[in-house]
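What follows is a single structure, written as structure tokens, with notes after it.
Just so you know, ligand 1 is whichever comes first in the structure, and atom 1 is the first atom listed for that ligand. Since this is a predicted model, take the numbers as computed values, not measurements. Excluded from the calculations below are hydrogen atoms, water molecules and symmetry mates; all remaining heavy atoms, backbone and side chain alike, are included.
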Amino acid sequence: MFLSVKEMEVRKVRFDETFPPGEIDFSSDLVTQSGPLHAEGVAELLANTDGEVRIKGRLTVKMEAECDRCLARAQFPLDNAFDLFYRPSAALAAVDEVAIDEGEAEMGFYVGLGMELEDILREQIILSLPMQRVCSADCKGICPVCGGNRNEVPCNCRLEPVNNGLSSLGNISRG
Ligand SMILES: [Zn+2]
Ligand SMILES: [Zn+2]
């Protein structure tokens, strides 16, 4: 859905959209959408600004990724409120000599006549996924010795390698 700044000049643009898995491409982020993405909210042009747009709303979606520890599918249900500000990219050119501070980092930019809701949602979803993607906080992971999934099959492997190579070599040279 295209959020048109021209339309925002006349009225607030409300959205209430559902995107089934596959409509938004997450393939470069190593995550998949496993349930419908629902987003609702309002986009408005802020008065007395040089084209600044505020997009406020809420999204719910179920995402899936490979667990960092055991490689099984890990589920990430999201339910996020967002309140975002976007300036036209022409305004960026005007301040390009100014260092962007922490507060400015919250500000996005749009090019041309508006922005795609899908791009905004995609960015919000990626930002809200945890840095460490695990299936559960107490995931035991893959055993480095036998390669088994320690959540499914407890193994008795010792984590410190037992090295018998040197002693047996010594026995041979002694003979
Ligand atoms: Zn896991
Ligand atoms: Zn093991």
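- Note on the Zn ion (ligand 1): protein N, O or S atoms under 2.8 Å away count 4, no waters included.
- A side-chain donor-acceptor contact under 3.5 Å links R73 and T32.
- Around the CD atom of E123, the shell of radius 6.0 Å holds no more than 12 heavy atoms that belong to other residues, nucleotides or ligands.
- Using a 4.0 Å cut-off between charged nitrogen and carboxylate oxygen, R122 and E118 do not count as a salt-bridge pair.
- Residues forming a salt bridge (charged side-chain N to carboxylate O under 4.0 Å, His left out) with D16 (at least two apart in sequence, or on another chain): none.
- Note that the CG atom of L117 and the CZ atom of F19 stand 4.5 Å from one another [nearest 0.5 Å].
- Atom CG of L37 and atom CG of L121 lie 5.5 Å apart (nearest 0.5 Å).
- Applying the salt bridge (charged side-chain N to carboxylate O under 4.0 Å, His left out) test to D119 and every residue at least two apart in sequence or in another chain returns nothing.
- Residue-environment remark: CG (L71) exceeds the threshold of 12 foreign heavy atoms within 6.0 Å.
- Around the Zn ion (ligand 2), the protein contributes the following N, O or S atoms under 2.8 Å, ordered by chain and number: C143 SG, C146 SG, C155 SG, C157 SG.
- In summary, of the residues considered (E23, M1, H38), a side chain to side chain contact (heavy atoms under 4.5 Å, CB included) with E17 occurs for M1 alone.
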